[in-house]
Amino acid sequence: MKLNTSLLHFSDAVDSTTGSPLPPVAQVSAFAQESAEQMEQVFAARAPGFAYTRLANPTLSTFERRMAQLEGGAGAVACASGMAAVSMALLNILRAGDEFIAASQLYGGTLSLFHDLEHLGIRARLASSSSCGDIEPLINEKTRLIFVEAISNPGLEVTDIETLAQLAHSRGLPLLVDSTTATPVLLRPLQLGANVVIHSSSKYINGSGSAISGVIVDGGRFPWDAGRWPALEPYMKIPKLAYIQRLRQDLWQNFGPCLAPQNAFLNVLGLETLGLRVERACKNALALAQALEKLPGMYAVNYPGLESSSSFDLTRRQMAGGMGGALLTFRTGSRERAFALLNQLRCAYIISNVGDVRTLAIHPASSIFHHSSPQEQQAAGVFEDLIRVSVGIEDAEDLIEDFTQAAQAARPIS
Ligand SMILES: *Cc1c(COP(=O)(O)O)cnc(C)c1O
């Protein structure tokens, strides 16, 4: 089956007890057992069943199973937010004294998280890009993982996953990829050798901006060893599944960032139209980027699907259909003009989110990156005059007209 068909034909597409083609929402905290013995069995994971929603919930399980199938992974764990997913994915295998390598072009919240990790004795070493050339020199005996974004937000640098996975594996390291902005429609990082995939499913997977959530998918192929990742020691019975088992049965249950059942349901709904939405948004993004490039007073239009992008060849080669995603950025000459342009938009909303069906625009430096230092902002490709657009599924003509009138109304300051 091809993607759009498979999104409507997951192995659990129809609820086996009711015939419902959408999963029932188990909007409960806890589940009744038939006996004390049954409770004991369920708690010890010796019998199937559910006890308490922080530990497992059938609606969450449906979302997790579908994400694992979609990414081609061995298992998935859903979290209350994308940031919870990024935190859990890292903390699952890092401890005080460890280092990891990350590209510096990362989502602002993730860069902030690295400061928190620093207080726990875990050090992020930031590479100036996600290329092997920039990452390899930072690997040392303390390195425990490599973390990148598939398409960095808002730098829009595409990572060569296959080449980076080869480097990581040659040094005995797992590659973790935040694939939020690529989505499983454009990229399956596990198929290219990545070991763990993370999504902020608040974005394209949900699709309507109706709930915050995140998900971690384990490829189940990395040969973990308990010497380098001691937290995995109790889970080494099946070494390849040690990561996901430790995450599900230990860290995720104890930190407690479980997803609300209703929000898991909204993600299951979103998955059905993921392919349609992402394809349409990518087409719109390319059309808008091409139009913006021709407008006077728009500088450095950045979109991976434009020939002028340094990621153009890789986008063609690595991303499904050569599609460059649905985010684009451009510069306006000054912070004042960026604000003026945003204020003139009639079709695009000023909303701090991406992956919505609506087109959203934002000034990253004063919003999502306000926690970052000027150096961090510069390394992440965030400038004072930069606007980021998350292109939606409207009619491209309307979007082009909207940005054209806004650019004209907010004239360059001479
Ligand atoms: C939004 C986002 C996150 C954080 O997700 P939340 O659901 O907002 O917690 C992480 N990584 C990327 C690339 C994102 O775009």
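Atoms within a ligand are numbered from 1 in the order they appear, just like the ligands themselves.
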Checklist outcome for this item: Ser81 heavy atoms within 4.0 Å reach ligand 1 at atoms 7 (O), 9 (O)

Next on the checklist: Can you tell me which portion of Ser213 lies within the under-4.0 Å heavy-atom range of ligand 1? Options are side chain, backbone, both, or neither.
Outcome noted: backbone

Item to check | Protein contact to atom 6 (P) of ligand 1 [nearest heavy atom, distance to 0.1 Å] | outcome: Gly82 N, 3.3 Å

Checklist outcome for this item: heavy-atom search around atom 4 (C) of ligand 1 in the protein gives Tyr107 CE2, 3.4 Å

Checklist entry - Does the ring of Tyr107 carry Lys203 above it, NZ/CZ under 6.0 angstrom from centre and within 45° of its axis? => result yes

Next on the checklist: For ligand 1 and Ser202, I'd like to know whether there is a polar contact (N/O to N/O, distance under 3.5 Å).
Outcome noted: yes

Checklist entry - What protein heavy atom is closest to atom 9 (O) of ligand 1, reported as residue, atom name and distance in Å? => result Met83 N, 2.8 Å

Item to check | Under 3.5 Å donor-acceptor, Thr159 side chain and Glu149 backbone | outcome: yes

Checklist outcome for this item: Among non-hydrogen protein atoms, atom 2 (C) of ligand 1 lies closest to Lys203 NZ, 2.5 Å

Checklist entry - Does a donor on one side chain sit under 3.5 Å from an acceptor on the other, for Ser6 and His9? => result no

Item to check | Nearest-contact summary for atom 5 (O) of ligand 1 - protein heavy atom, Å | outcome: Ser200 OG, 2.9 Å

Next on the checklist: Can you name the atoms of ligand 1, numbered from 1 with element, that are less than 4.0 Å from a heavy atom of Asn153?
Outcome noted: 15 (O)

Next on the checklist: Take a 6.0 Å sphere around CZ of Phe312 and say whether it holds more than 12 heavy atoms from other residues, nucleotides or ligands.
Outcome noted: yes

Next on the checklist: Given Ile212, Leu327, Asp178, identify the one with the heavy atom nearest to atom 10 (C) of ligand 1.
Outcome noted: Asp178

